[in-house]
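Take a look at the structure below.
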Amino acid sequence: MNLDRATIIHLAAHLEDCERDARDTTKITNEYPDMDWDDAYAIQDEIRRRKVARGARIVGFKAGLTSHAKMKQMGVETPCFGFLADYFSVPEGGECRVSELIHPKVEPEIAFVTKTVLKGPGCHIGTVLAAIDFVMPGIEVIDSRYRDFKFDLKSVIADNTSAVRFVVGGRPVAVAEVDLRTVGVVLEKNGEPVAFGAGAAVLGHPAAAIAMLVNHLAARGEEIPAGSLILSGGITEAVAVKAGDSVCLRVQGMGSVGMRFTA
Ligand code: OOG
Ligand code: MG
């Protein structure tokens with residue numbers, strides 16, 4: 001760690017204030033170029049601690065930058081991990097208010113729900129599949145607190161990997177019922193298909209992203225409790241949305257899920 005505790009707390013408060021006030025900022029590594037990976041996750045942990053202290057519940061975790069499309073779009077080469085708070089959840093078919101956000105984008109994802117605890121080290125696809133209750137379509141809304149979504153990996157980790165809202169739903173399916181590598185996804189915006197892909201875009205198999213997340217958490221002394229929601233990462237590039245848009249994600253054999261964006 002290169003940053004002291006006071007700086008970690010200051011940066012966490014700064015990023016969380018940007019989320020609350022829906023205003024952007026420059027990436028924090030501009031000012032703190034010596035920030036390392038532990039500092040970045042320590043800032044994210046402090047944001048999580050602040051939310052929990054205010055009464056938020058942590059409902060799950062997310063992996064991000066797990067597909068080449070996303071890595072290329074954002075100019076990074078390694079996945080990153082974040083947490084999901086209760087108030088991020090938008091009901092199926094519900095509305096997401098863009099006035100609460102800075103510059104939202106949507107991503108088609110496969111969402112996993114755990115039936116048993118998932119812990120590493122040594123977690124692999126098999127461990128993940130054995131611990132999963134069901135999978136379902138999920139749309140993640142990301143909203144980087146950094147101006148124009150311009151960041152490096154450390155800055156985006158500190159910013160809880162741009163997490164802000166999500167919707168899950170459709171038809172929950174047991175993992176044995178579906179080949180998560182070949183499962184097809186279609187993201188529609190205002191009735192037009194705008195992004196397409198297959199599960200294998202995420203590290204060859206979306207469960208591989210969950211295994212990486214679990215091993216990452218294990219290295220930090222954490223595990224994923226039963227009944228958690230996990231977003232495995234955008235399968236395609238993220239698509240910008242504005243007030244008036246509606247989005248729908250169709251996943252082969254898993255129905256569809258959608259949400260509307262209002263002012
Ligand atoms: C970082 C978050 C990426 C995903 O699914 O790849 C992410 C970003 O692109 O702002 O959630
Ligand atoms: Mg995502």
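Atoms within a ligand are numbered from 1 in the order they appear, just like the ligands themselves. Below, all heavy atoms of this structure are taken into account, side chains as well, without hydrogens, waters or symmetry copies.
Atom 6 (O) of ligand 1 has as its closest protein heavy atom Leu65 N, 2.7 Å. At the top of the distance list for atom 2 (C) of ligand 1, counting protein heavy atoms only, stands Thr161 O, 3.2 Å. In this structure, atom 7 (C) of ligand 1 lies nearest to the protein heavy atom Glu107 OE1, 3.3 Å. In this structure, atom 9 (O) of ligand 1 lies nearest to the protein heavy atom Lys70 NZ, 2.7 Å. When hydrogens are left out, the protein atom nearest atom 10 (O) of ligand 1 is Ser162 OG, 2.6 Å; that is the closest non-hydrogen contact.
Taking the charged nitrogens against the carboxylate oxygens, Arg49 and Glu16 have no contact shorter than 4.0 Å, which rules out a salt bridge. A salt bridge is defined here as a Lys NZ or Arg NE, NH1 or NH2 lying under 4.0 Å from an Asp or Glu carboxylate O, and Glu192 with Lys189 fails to meet this definition. A salt bridge does not link Lys105 with Glu237: none of the charged nitrogens is closer than 4.0 Å to a carboxylate oxygen. Between Asp133 and Lys115 there is no salt bridge, since none of the side-chain N atoms of the basic residue sits less than 4.0 Å from a carboxylate O of the acidic one. Salt bridge absent: Lys62 and Glu109 never bring a charged side-chain N and a carboxylate O closer than 4.0 Å. Ion pairing of Glu222 with Arg48 is present here, as a side-chain N (NZ or NE/NH1/NH2) and a carboxylate O approach within less than 4.0 Å.
Distances below 4.0 Å separate heavy atoms of Phe151 from the following atoms of ligand 1: 8 (C), 9 (O), 10 (O). Of all atoms in ligand 1, listed by their number and element, those nearer than 4.0 Å to a heavy atom of Ile142 are 8 (C), 9 (O), 10 (O), 11 (O). In the vicinity of Glu109, heavy-atom distances shorter than 4.0 Å reach the ligand 1 atoms 5 (O). Each of the following atoms of ligand 1 lies closer than 4.0 Å to a heavy atom of Gly233: 5 (O). Within ligand 1, the atoms closer than 4.0 Å to a non-hydrogen atom of Gly234 are 4 (C), 5 (O), 6 (O), numbered from 1 in the order shown. Those atoms of ligand 1 that come under 4.0 Å of a heavy atom in Met74, given as number and element, are 9 (O).
Using the six-membered ring where Trp is involved, Phe151 and Phe149 have ring planes that are tilted, between 30° and 60° apart. Ring geometry for Phe88 against Phe166 counts as perpendicular: the plane angle is over 60°, on a 0 to 90° scale with 30° as the lower cut.
Residue Glu140 approaches the Mg ion (ligand 2) most closely through its N/O/S atom OE1. Considering just the N/O/S atoms of Glu107, the one nearest the Mg ion (ligand 2) carries the name OE1. The Mg ion (ligand 2) lies closest to atom OE2 when only the N/O/S atoms of Glu109 are considered.
In this structure, CD on Glu140 lies 5.0 Å from CD on Glu107, to the nearest 0.5 angstrom.
Residue Gln73 does not touch ligand 1, judged by heavy-atom distances below 4.0 Å. Within the 4.0 Å heavy-atom criterion, the part of Lys62 lying near ligand 1 is the side chain and not the backbone.
None of Lys150, Arg145, Arg147 except one satisfies the side-chain hydrogen bond (donor to acceptor under 3.5 Å, both in side chains) rule with Asp24; the exception is Arg147.
Checking only distances, Phe149 never comes within under 3.5 Å of ligand 1, N or O to N or O.
No hydrogens or angles considered: a donor-acceptor pair under 3.5 Å links the side chains of Tyr87 and Lys51.
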